[in-house]
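The chain is numbered in sequence order, starting from 1. Numbering of ligands and ligand atoms starts at 1, following listing order. FYI, side chains are in, hydrogens and waters are out, and symmetry mates aren't considered; it's all heavy atoms of this structure.
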Amino acid sequence: MQATQHAEPRLESADESAGESAHSTAAHGTDGTDPDAQYDFMVVSNRLPVDRCSPDEPGCEDGWRRSPGGLVTALAPMMAKTDGAWVGWHGAPDEHLQPFSHGGIDLVPVQLSTHDIELFYEGFSNATLWPLYHDVIAPPEFHRKWWDSYRKVNRRFADAVIHHAAAGATVWVQDYQLQLVPKMLREARPDLKIGFFNHIPFPPPEIFAQLPWRRAIIDGLLGADLVGFQRSSDAGNFMRSARRFLGASVKQQQVHVKGSDGQTTHIARAQAFPISIDVKQISELAQKPEIIERAQQIRRDLGNPKTILLGVDRLDYTKGIRHRLKAYEELLADGKVTVEGATLIQVASPSRERVEQYRLLREEVEGTVGHINGTYDTMQNTAVRYLHHSYPIEEMVALYLAADVMLVTALRDGMNLVAKEYVTARTKNDGALVLSEFAGAADQLKQALLMNPHDIDGLKDTIMRAVDMQPAEAARRMRAMRKQILDHDVDLWSSDFLNALKEKVVRDDS
Ligand code: F6P
């Protein structure tokens, strides 16, 4: 593991870098990272683990903060222990950076212009693929310009890998923003071992069928030796689409991929690898006296209500925040919970704020919270404590410790690592988890109170079961869930995937 260092990467304006290759002629970046270094192991994702920020933003240190989302939560601990490199975007438009090192990880930044962000990131990734892959909760938009940009940006990520990958290197491509990269790598560098992991759901072929570029996406993914998914149903959906839209012959979740000469180039496999969390980090934080004290402080600050309920989400329409608020408002109206006896803390971290659906969601959520609080708050007590911020992990763990009931009401979610973090933080085996059956985590956390968030009456009943749960039942459930997560942490997830990627696959050309 390399030493942790805070990098001062060399900056170039977009104008300065125009016309230059992505890699400057400078021998090394200012922090000593070789801009032409070659790596035996590379992770590629749309975002790097750190994101540009301005010093006045919470959690911003030396111009960087941790990137949002479960992908970074899962991969950062593994990357900090390897000598590989992470290729991705650093979160600022039009800023060209040299490779640099941060938190002990070598980072290879990929530049995105304002135009790329609009078309590739906000457009195709987050207004076409995201809603399409999440049960079309919001209507996906299909624009050819967005698709063109998606192809170009995927090519840029692939080129960065091609430049930095040592002969025979293992490359692990992440998530729906980069589905064309595996094939691009295969064509340019057949020597590489290529893995892909989709952090979000893969839709059934009946929904995937809407995508005008469905064949190219499947073809792009089949460039990988191993395509990993959160749930086995996602892997099944992908293989059914490969069969239906590319005519691939699928046997035991394997496809013999053929080149233009009709010869088999490789065997692509699809399999589920449910992602997890850094159990050690969360457990250790949960036992620190200052974090336990902070949790007690949170309770005191809220007026010591009998029950604290907690929701923690990116402010995304897939998370079911509106359904949760509706259920909670009705419970207040029914008198089943009172503002004196209970507080709902809703942390909604800012996300994709320039995408229309996200703007609308924010207005709606904030309007609803205002309405609930206007109706039920007293001078001393608040019904919903709404926080539109991201918090460092220490504060999140304090919140998990303060909360008697955790509400995860996603309408569709690849996994939901917040559910796993909450369970891991409950080292005393108390507390209750209300968990949507549409989150991938429901496959592993079977002792949660599982429910369908579309069924508001069912959701209300489940919340009340959690609020009223007897300690013995809570302990029985929590113990079983904790065991599951403690036995399946994120290290096991990454090593399972990478071991499966290394496996020799026997060709059966019959
Ligand atoms: O896991 C889903 C995911 O889209 C990741 O790819 C991403 O890093 C995270 O959620 C946060 O989303 P965004 O990068 O769009 O802010």
May I ask you to list the atoms of ligand 1 that are less than 4.0 angstrom from any heavy atom of [X]?
| X | result |
| --- | --- |
| R47 | 13 (P), 14 (O), 16 (O) |
| Q177 | 4 (O), 6 (O) |
| R352 | 3 (C), 4 (O), 10 (O), 11 (C), 12 (O), 13 (P), 15 (O) |
| Y176 | 4 (O) |
| P68 | 8 (O), 9 (C), 11 (C), 16 (O) |
| W130 | 2 (C), 4 (O) |
| I200 | 2 (C) |
| L71 | 6 (O) |

Side chains of E421 and T424: donor-acceptor distance under 3.5 Å anywhere?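 T424 and E421 do not have a side-chain donor-acceptor pair below 3.5 Å.
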Can you confirm whether R189 is buried at CZ, in the sense that more than 12 heavy atoms of other residues, nucleotides or ligands lie under 6.0 Å from that atom?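 Yes, because the 6.0 Å sphere around CZ of R189 holds more than 12 heavy atoms from other groups.
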Just so I know, are the side chains of R269 and Q253 near enough to count as touching, which here means a heavy-atom distance under 4.5 Å?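 With C-beta onward as the side chain, the pair stays apart.
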Less than 4.5 Å apart, side chain to side chain, heavy atoms only: is that true for L132 and Q210?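 They are in side-chain contact.
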Both conditions, 6.0 Å and 45 degrees, for the charged tip of R151 above the ring of W213: are they met here?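 Here R151 fails the 6.0 Å and 45° test against W213.
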Does the residue Q174 have a heavy-atom contact with ligand 1, meaning some pair of atoms that are separated by less than 4.0 Å?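 No, Q174 has no heavy atoms under 4.0 Å from ligand 1.
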What do you reckon, does D175 put a non-hydrogen atom under 4.0 Å from ligand 1?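 For ligand 1, residue contact (heavy atoms, under 4.0 Å) with D175 is present.
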Name of the residue among N198, N126, N46 meeting side chain to side chain donor-acceptor pair (under 3.5 Å) with Y176: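 Looking at N198, N126, N46, the match for Y176 under the side chain to side chain donor-acceptor pair (under 3.5 Å) is N126.
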Heavy atom of the protein closest to atom 13 (P) of ligand 1 (residue, atom name, distance):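 Closest protein heavy atom to atom 13 (P) of ligand 1: Y121 OH, 3.3 Å.
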Give me the residue, atom name and distance of the protein heavy atom closest to atom 9 (C) of ligand 1.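 Here the nearest protein heavy atom works out to G69 CA, 3.7 Å.
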If the threshold is 4.0 Å, N to carboxylate O, is there a salt bridge linking K81 and D491?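 Counted as a salt bridge, because a side-chain N and a carboxylate O are separated by less than 4.0 Å.
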For F238 and F229: C-alpha separation, side-chain torsions, deciding distance, then whether ring-ring contact (aromatic ring centres under 6.0 Å, His included) applies. CA-CA 9 Å; F238 169 67; F229 295 93; 5.4 Å; yes
